[in-house]
Structures are given as structure tokens and as C-alpha cells.
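Each chain gets a letter, A, B and so on, in the order its sequence line appears, and its residues count up from 1.
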Protein chains: 2
Amino acid sequence: MNMNTNKHIDVALELLKESPLKVTNQRNDIIRILFKNGNCHFTAEDVHCEVQKLGLNISLATVYNCLNQFTKHKILKSVKTSCDKIYFDTNVTSHHHFFCKTTSQLIDIDSKNIKFSKLPKIPGGKKLQSVEVVVNITD
Amino acid sequence: MNMNTNKHIDVALELLKESPLKVTNQRNDIIRILFKNGNCHFTAEDVHCEVQKLGLNISLATVYNCLNQFTKHKILKSVKTSCDKIYFDTNVTSHHHFFCKTTSQLIDIDSKNIKFSKLPKIPGGKKLQSVEVVVNITD
DNA sequence: ATCGTAAATTAGAATTATTCTAATTTAATG
DNA sequence: CATTAAATTAGAATAATTCTAATTTACGAT
């Protein structure tokens, strides 16, 4: 391991190649950062810090562009929480989250660990898009 | 009806009196706006527009202050959605929401219309605070 | 390989929602 | 009515994100 390539990175790089997005150095670098450790949650600022730490020269605007484009093309997922930042999630499967209000930490909840025995009727004329559960926790 | 006082307004005004907050003209006016139509969802900007429409002179800063203080003292509830604004909800009971991504409209879901048959184990050392369900819908 | 072009990158400005600041006014207690 | 802590206010500040417009790059077609 630790050779800057692994299963998660390879899968994401492959998704990038298959997408209509162009494969640039910046996008490759950002994918390596994001998918280095499997399922993770990042803010744009987190990613930009890591970029700097690695001595890469990628502007914050590009980080935002990449994260947004990746999200649009299902390489990433975005998560809104009760704090004011957008989190990007490398787990693109349908799942839910714990959000710790003390530490602002997000933790995945696998779909199979939340089951509904009752869901409300969708208002007339509208279509169901998704059901998002956030389990807020504290220290 | 329509005499600028009704059950919802009276209840909220009573909560204000019982709270440690001071009863000011601005707070009375804002409560009248918020609770005029029973359960509703507002952004600070919505409330400020209504204030202007009624010819009241209440600054946007005061609107924010009031909404935040009311929330802290359980006269209102705040709701975060996948859009970038904070919504304030006059329904302070525990409940969930539909969020229409097309219209940015929030609709209450009564607690009794969502039931879980399985919930995940809370991570060690953490305490459950709340479970929030957002059912995203589209036109 | 080289070209042409649409897409990507960039620095910095702009935007948007919200909070802060510091001066003034007000509510409510004694 | 006098006191004082809280509330109000206009406008500045902040923070996350998006936009602008100039430059560079990827990559399919020649």
C-alpha cells in the first residue's frame, strides 16, 4: 500500500475517464487525495489544505469546480448538515449519516441499518427523489 | 378572524412573555407575522419582506436577532435543507419535512407519519440528540 | 504530430446569507 | 422615575461559495 494508487483511487479514476469530463492533472491529483483512504467526508477547504500540504499548485476555485463536477457526474456525493459547510462524500451509494454537533464530524450509516415501517404519502403532483436521514449526536 | 390576533399568535405571545426575553414592539410585530397562518416556514428575508410590506420599520439585523432568540427559547425551530438558507418553522413539535428541490418549498411531515423499524447503534461515547428525516421531492 | 476548439484553470472580484460592532434606545425592576 | 441590562440599528465584517475574464490545456479531427 501507500504507493499513491489503490482500489478506491483506481475506481474513481476510471469513473472520471468514462465521464464526459476531461482528465487533467488537477483532477487526477484531487481524486488521489479524496480516495486515498476509502470512504471519507471532506469540505472544499479540507481538500485545498491537503493540496497545499502536498506542495501541489491547485487553486481553491479549481478545487470547488472539481468537487462540483465530480458530484454532478456521480464520482462524489454532497451532504448538507446543520453546519454551514458543504461536505463531499466519497461514498456514492445510497446511505445516511450521523452528524456530531460537538465535533462537526460526519459518519456514514449504511442503508441496511435504517429501515422505515412507515413513510408519508408524497404530496400530489410531486415525485419522490430521496430520503435523507441525519442522526444528530453529541459528545 | 383577520383581526391580527388568533390562537397561534396568542400562544406565541404567551411563550414570549414567559421567556426571559424582553417584550418589545418589534418582537410582538414579528410574532404576529410569523404565526398569522398557523404552521409556516420562513427565511429571515421572507420575514423582512413582510415587515416592509406592512410598513413596519424593523431592521434586517433585528429580524435575525429575533428569529435566533425565538429559536433559542423554543418559540421557533430552525430547519436546514439542501439549499443555502436557514428556514424557521413555527411548528416546534418534533416532526420531519418534505423539501421540494424544484420550488425550494418545505412541507411538514407529522412524526406519526414516519416510523423506523431499525435505527443504527450510536457510536461509542456519543449521545443521541435527534433524528431528522428530509424527504426530497421534485415536480 | 499539429490544429482547432471547447473545456479547464486561475487570481481575484463578486455574491449571498448571516453575524458582528458600537452607538443609541428601550423595557422592566426596584 | 432612575437604573441598567437587554434590544435595536445601520453599516461593516465574515465566511463559504460562485463568478469573471484571461490564459492554458486536453483531445478528437486533420
Side-chain angles (χ1 to χ4, degrees), chain A residues 13-34 41-52 54-73 75-76 78-89 104 106, chain B residues 13-34 41-52 54-73 75-76 78-89 104 106:
Chain A
L13 289 174
E14 192 54 34
L15 286 175
L16 174 57
K17 278 203 207 105
E18 284 164 6
S19 80
L21 299 176
K22 291 194 172 166
V23 176
T24 65
N25 291 334
Q26 290 90 333
R27 285 176 176 172
N28 279 327
D29 288 341
I30 288 174
I31 282 183
R32 270 178 231 288
I33 288 169
L34 291 168
H41 305 92
F42 293 95
T43 64
E45 202 53 51
D46 291 338
V47 175
H48 194 235
C49 284
E50 189 66 16
V51 159
Q52 315 248 52
L54 296 175
L56 300 168
N57 253 66
I58 305 178
S59 74
L60 184 56
T62 297
V63 170
Y64 272 104
N65 287 342
C66 287
L67 296 177
N68 286 332
Q69 290 299 110
F70 290 175
T71 300
K72 189 187 284 180
H73 293 91
I75 299 170
L76 284 180
S78 78
V79 185
K80 295 261 174 123
T81 65
S82 49
C83 93
D84 48 0
K85 291 172 185 170
I86 298 171
Y87 284 82
F88 293 89
D89 190 340
S104 287
L106 267 180
Chain B
L13 288 174
E14 192 53 36
L15 286 174
L16 174 58
K17 278 202 208 106
E18 284 164 7
S19 81
L21 299 175
K22 290 193 172 166
V23 177
T24 65
N25 292 333
Q26 290 90 335
R27 286 176 176 170
N28 279 327
D29 289 341
I30 288 174
I31 282 183
R32 269 178 232 286
I33 288 169
L34 290 168
H41 304 92
F42 293 95
T43 64
E45 203 53 51
D46 292 338
V47 175
H48 194 235
C49 285
E50 189 65 17
V51 159
Q52 315 249 53
L54 296 175
L56 300 169
N57 253 66
I58 304 178
S59 74
L60 183 57
T62 297
V63 170
Y64 272 103
N65 286 344
C66 287
L67 296 177
N68 287 332
Q69 290 300 109
F70 290 174
T71 300
K72 190 187 285 181
H73 293 91
I75 299 170
L76 284 179
S78 78
V79 186
K80 295 262 175 123
T81 66
S82 49
C83 93
D84 48 359
K85 291 173 185 170
I86 299 171
Y87 284 82
F88 292 89
D89 190 340
S104 287
L106 267 180

*Check whether any side-chain heavy atom of A:L15 sits under 4.5 Å from a side-chain heavy atom of A:I31, and report yes or no.*
no
*To the nearest angstrom, how far is B:Q69 atom CD from D:dA6 atom C1'?*
10 Å
*In whole angstroms, how far is the P atom of C:dA8 from the CZ atom of A:F70?*
10 Å
*Produce a footprint string for nucleotides 16-23 of chain D: one letter per nucleotide, 5' end first; B if the base is under 4.0 Å from any protein heavy atom, S if only the sugar-phosphate is, - if neither.*
SBBB----
*Roughly how far apart are A:N25 CG and A:L56 CG, rounded to 0.5 Å?*
10.0 Å
Pick out the pairs of N or O atoms, protein on one side and nucleotides 25-29 of chain D on the other, that lie under 3.5 Å.
from   : atom 1 : to    : atom 2 : distance (Å)
D:dC27 : OP1    : A:V23 : N      : 3.0

_If I take atom CG in residue A:L67 and atom P in nucleotide C:dA8, what distance separates them, rounded to the nearest angstrom?_
14 Å
*If only side-chain N and O atoms of B:Q26 are considered, is one of them under 4.0 Å from the OP1 or OP2 phosphate oxygen of C:dT26?*
no
*Nearest-0.5 Å distance that lies between atom NE2 in B:H41 and atom OG in B:S78*: 11.5 Å
*Go through C:dT10, D:dT9, C:dA8 for me and flag the one nearest to the B:I58 side chain.*
D:dT9
*In whole Å, what is the span from the NE2 atom of B:H48 to the P atom of C:dA17?*
14 Å
*Atom-pair distance (CD1 on A:I30; P on C:dA8), nearest Å*: 13 Å
*Within-4.5 Å side-chain heavy-atom neighbours: A:V51 and A:D29*: no
All N/O donor-acceptor pairs, side-chain side in residues 62-70 of chain A, below 3.5 Å, sequence neighbours left out:
from  : atom 1 : to    : atom 2 : distance (Å)
A:T62 : OG1    : A:S59 : OG     : 3.1
A:N65 : ND2    : A:A61 : O      : 3.4
A:N68 : ND2    : A:Y64 : O      : 3.2

*Is A:R27 near enough to C:dT9 that one of its side-chain N or O atoms lies under 4.0 angstrom from OP1 or OP2?*
yes
*May I have the distance from A:K72 (atom NZ) to C:dA7 (atom C1'), rounded to whole angstrom?*
12 Å
_Pairwise 5' ranking along DNA chain D for B:P20 and B:S59, keeping only the more 5' one_ = B:P20
*Straight-line distance of A:D89 CG to A:L106 CG, nearest 0.5 Å*: 7.5 Å
*Any B:T62 side-chain nitrogen or oxygen under 4.0 Å from OP1 or OP2 of D:dT8*: no
_Side-chain heavy atoms of B:H48 within contact of B:I58, under 4.5 Å_ = no
*To the nearest Å, how far apart are A:K17 NZ and C:dA7 P?*
21 Å
*Is the CG atom of B:N57 crowded by more than 12 outside heavy atoms at less than 6.0 Å?*
no
*Between A:R32 and A:L13, is a side-chain contact (heavy atoms from CB on, under 4.5 Å) present by the stated rule, with each step listed?*
CA-CA 8 Å; A:R32 270 178 231 288; A:L13 289 174; 4.2 Å; yes
